[in-house]
Novice: 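Before we start, here is the structure in question, set down as structure tokens.
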Protein chains: 2
Amino acid sequence: MSQTTSSPYDEPMPHSAPLDRTATISDVARLAGVSVPTVSRVLTGAARVSEDRRRRVDKAIAALGYRPSAAAQVLASGRSTTIAILAANTSRYGYAEAIRGVEESARAAGFAVIIVVVESERDDEVRAAADAVLRQSVAGVVVLKFDPPGVAALKALQSAIPAVALSGVPEAGVPQAVLDESEAAAALTEHLLSLGHSTVHHVRIPPSGKEDGRTTGWRLALQRHGIPTPPIEDVSWDVSTAHEIGVRLASDPAVTAIFCGNDETAMGVIRGIHDTGLNVPDDISVVGFDDHPLAPMFIPALTTARQDFAELGRHGTAQLLALLKGESPLALETVEPPLVFRESTALPSSRRR
Amino acid sequence: MSQTTSSPYDEPMPHSAPLDRTATISDVARLAGVSVPTVSRVLTGAARVSEDRRRRVDKAIAALGYRPSAAAQVLASGRSTTIAILAANTSRYGYAEAIRGVEESARAAGFAVIIVVVESERDDEVRAAADAVLRQSVAGVVVLKFDPPGVAALKALQSAIPAVALSGVPEAGVPQAVLDESEAAAALTEHLLSLGHSTVHHVRIPPSGKEDGRTTGWRLALQRHGIPTPPIEDVSWDVSTAHEIGVRLASDPAVTAIFCGNDETAMGVIRGIHDTGLNVPDDISVVGFDDHPLAPMFIPALTTARQDFAELGRHGTAQLLALLKGESPLALETVEPPLVFRESTALPSSRRR
DNA sequence: TTGAAAGCGCTAACAG
DNA sequence: CTGTTAGCGCTTTCAA
């Protein structure tokens with residue numbers, strides 16, 4: 001009665017649901033008047049089948065509306081045509097775009113996609129996510145290593161399965177596709193400096209580790225100019241925290257230029273500044289990061305660095321598929337985000353300082 | 001040699017990838033000194049297992065890092081713990097949020113999620129998507145019936161599998177969760193009218209069928225007031241088309257109030273108006289729809305109707321899971337989006353008309 | 001409670 | 001080129 005152990009399998013199973021029975025390969029074989037392996041051969045194209053039989057099989061398949069069972073195929077062949085996306089989030093801009101890119105190219109290659117999310121870096125969540133991936137007999141996994149949960153999940157996978165990471169910071173070890181953020185962040189910061197601002201404040205989005213490329217680039221640019229780094233402001237993913245920080249920063253006359261971790265944050269910060277009666281860029285310059293679709297529509301339109309997350313996702317999938325085919329070494333492709341200058345930056349105001 | 005038939009299975013298979021072999025149920029059984037079915041029993045909880053053996057099995061599972069193969073389980077049991085999300089898009093705001101809601105609640109119920117996208121309503125694409133769903137042995141599917149591809153895909157499924165639709169317009173036939181948009185759209189339109197605008201123009205986003213709830217509501221409100229409906233402007237999902245329309249509408253002095261199909265469109269339209277030198281809301285009032293996270297940050301902050309897509313997704317999943325358990329009839333839950341009034345609407349300007 | 005035997009739908013040798 | 005025979009990892013009878 002009483003249970004002294006506590007493996008996850010002591011828990012009740014989820015309510016699984018019965019599958020509607022549909023035509024099987026033997027139904028097709030019977031109708032076509034051939035053996036089951038012959039049907040399999042036309043399915044996989046693994047071996048030659050006579051024109052005549054192939055036609056009969058195709059006809060039977062069409063007649064029965066037959067679709068091979070992916071589960072049975074993976075079991076019998078030991079090969080899978082499904083990949084997993086492991087991510088901490090599915091709906092935020094960069095994440096959603098990266099997922100779109102992965103899904104798109106996976107589908108083009110004939111792979112199905114399962115999505116598993118790991119919400120936090122808590123040990124049980126990370127383990128559950130890794131388990132979910134492993135249980136599904138996927139060929140490989142693309143992990144969005146944008147944040148601590150992503151990093152932890154990647155580690156939990158322990159290369160038990162082919163994996164590639166999508167990331168903003170190059171890093172040795174795992175195959176990955178990276179969008180090199182740090183140079184672009186530095187360039188954005190220097191743009192602000194070159195306008196005449198004596199320093200640049202930074203609003204940091206939740207980082208992937210101790211520091212992400214955006215923050216690193218900002219710090220780097222400041223260092224290059226011998227400017228001490230002002231205290232960092234941290235925002236959550238909730239834009240309203242960016243708004244609060246905007247209000248706070250606006251009250252500090254030393255603040256004339258702000259580098260935000262992403263465009264949504266920049267919009268929140270600008271709105272906060274706006275609400276104190278100050279103007280962007282006349283009083284304070286603000287830059288974002290990502291080139292969000294709404295960045296050019298915002299008033300003022302955002303100066304930012306363009307990140308092509310979907311492309312990152314496509315690269316990652318390509319890497320994974322190459323890895324699966326045994327091709328290597330994989331070129332670690334690094335893309336540098338192009339800067340786009342719009343309306344949210346200007347010379348420092350004489351009204352401040 | 002030459003092929004005269006052309007079933008999809010004449011095409012080459014995707015490169016499938018070999019799976020790393022891991023511990024199987026027999027490994028566990030052997031290590032625990034029990035039979036395979038006994039291990040299965042502790043896994044599924046289907047039958048009683050003695051305390052002693054259960055403990056040994058648990059220990060063996062832990063020692064081997066064993067994870068049951070979902071593919072083998074589904075094959076043997078004929079029951080699945082995976083559901084599919086069928087959507088035309090994964091990254092756009094409403095879609096991404098709905099997907100998040102579905103994934104979240106599916107995960108909470110112990111279900112894995114596969115995502116299949118159907119990009120257009122082209123017959124081959126729709127069929128491919130339906131096939132992908134059916135091949136995966138999923139327990140059921142949640143389809144985002146937000147647009148023509150979604151509608152077509154749902155139809156292609158032919159109730160070959162338990163399905164629930166997520167939608168903005170109630171409709172008989174399929175189980176569904178709906179966010180009733182038409183009343184909110186009407187209310188938003190009437191808000192504009194009550195401010196003194198003599199008519200309200202409409203910028204329509206790509207609709208799910210001949211007409212979506214937003215457009216219907218707008219039309220309804222105008223009719224109630226005996227106002228003829230002005231010509232509709234259609235935008236694509238690309239915000240720049242909204243911008244163009246904003247510019248165009250601004251040049252028409254008859255336009256003093258605009259109801260946009262969603263907030264992103266509203267932002268594009270406002271920016272277009274702004275670029276002609278006119279002001280929102282002083283010269284023209286604009287309302288959006290959805291209450292996008294950036295809507296309160298935009299300058300001017302958007303008057304809009306809040307849509308909780310994630311909640312819609314959760315409702316849908318709940319419906320599907322209930323359906324799978326054979327519970328019914330399902331309450332068709334309809335949520336009416338609450339209006340939120342902000343800065344983008346005002347009295348009509350004396351400068352126009 | 002437990003194990004032996006059968007089988008889910010499919011692919012992989014292996015003869016022929 | 002084609003059919004026969006095994007067997008993928010698991011669950012499900014069925015006896016014991």
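Just the heavy atoms: all of them, side chains too, but no hydrogens, waters or symmetry mates, feed the values below. Residue numbers begin at 1 in each chain, while the letters A, B, ... track the order of the sequences.
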Novice: I'd like to know whether Phe146(A) forms a side chain to side chain contact (heavy atoms under 4.5 Å, CB included) with Asn89(A), so could you lay out the CA-CA distance, the side-chain angles of the two residues, the decisive distance to 0.1 Å, and finally the verdict.
Specialist: CA-CA 10 Å; Phe146(A) 293 167; Asn89(A) 184 276; over 6 Å; no

Novice: Is Ser50(A) close enough to dT2(D) that one of its side-chain N or O atoms is under 4.0 Å from OP1 or OP2 there?
Specialist: yes

Novice: When you check the phosphate oxygens OP1 and OP2 of dT2(D), does a side-chain N or O of Arg53(A) lie under 4.0 Å from one of them?
Specialist: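 Checking Arg53(A) against dT2(D): at least one side-chain N or O falls below 4.0 Å of OP1 or OP2.
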
Novice: Taking atom P of dG9(C) as reference, at what distance in whole Å does atom CD of Gln136(B) sit?
Specialist: 16 Å

Novice: So which protein nitrogen or oxygen atoms get under 3.5 Å of nucleotides 4-8 of chain D's nitrogens or oxygens?
Specialist:
| from | atom 1 | to | atom 2 | distance (Å) |
| --- | --- | --- | --- | --- |
| dC8(D) | O2 | Leu75(A) | O | 3.2 |
| dC8(D) | O2 | Ala76(A) | N | 3.1 |

Novice: Is a side-chain N or O of Gln176(A) found less than 3.5 angstrom from the main chain of Val164(A), in a donor-acceptor match?
Specialist: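 Checked: no pair found.
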
Novice: Distance check needed: dC10(D) C1' versus Ile61(B) CD1, whole Å only.
Specialist: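 To the nearest whole Å, that distance equals 13 Å.
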
Novice: Between P on dA12(C) and CD1 on Ile25(A), what's the gap in Å once rounded to a whole number?
Specialist: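 From Ile25(A) CD1 to dA12(C) P: 11 Å.
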
Novice: Does Ser69(A) put a side-chain nitrogen or oxygen below 4.0 Å from OP1 or OP2 of dG9(C)?
Specialist: no

Novice: Within a strict 4.5 Å, meaning less than it, do heavy atoms of the Val74(B) and Arg79(B) side chains meet?
Specialist: no

Novice: Between Gln73(B) and dC10(D), does any side-chain N or O lie under 4.0 Å from OP1 or OP2?
Specialist: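 No, outside the criterion.
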
Novice: Which heavy-atom pair separates Glu97(A) from Ser91(B) by the least distance, and what is that distance?
Specialist: OE2-OG, 3.0 Å

Novice: Within this structure, what is the CG-to-P distance between Asp52(A) and dC1(D), rounded to whole angstrom?
Specialist: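 Roughly 13 Å, once rounded to whole Å.
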
Novice: For the pair Arg41(B) (side chain) and Val49(B) (backbone), establish whether a donor and an acceptor sit closer than 3.5 Å, ignoring hydrogens and angles.
Specialist: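 Checked: no pair found.
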
Novice: For Arg56(B) and dT1(C), what is the distance between atoms CZ and P respectively, to the nearest whole Å?
Specialist: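 Spelled out: CZ on Arg56(B) to P on dT1(C) is 16 Å.
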
Novice: Quick one: is dC1(D) close enough that its OP1 or OP2 comes under 4.0 Å of any side-chain N or O from Arg54(A)?
Specialist: no

Novice: Hey, does the side chain of Thr38(A) reach the backbone of Val34(A) with a donor-acceptor pair shorter than 3.5 angstrom?
Specialist: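 Such a contact is absent between Thr38(A) side chain and Val34(A) backbone.
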
Novice: Measure from the side-chain N and O atoms of Arg67(B) to the backbone N and O of Gly65(B), and report whether any donor-acceptor pair falls under 3.5 Å.
Specialist: yes

Novice: Can you tell me how far P of dC10(C) sits from CZ of Arg79(A), to the nearest Å?
Specialist: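 Value for this atom pair: 15 Å.
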
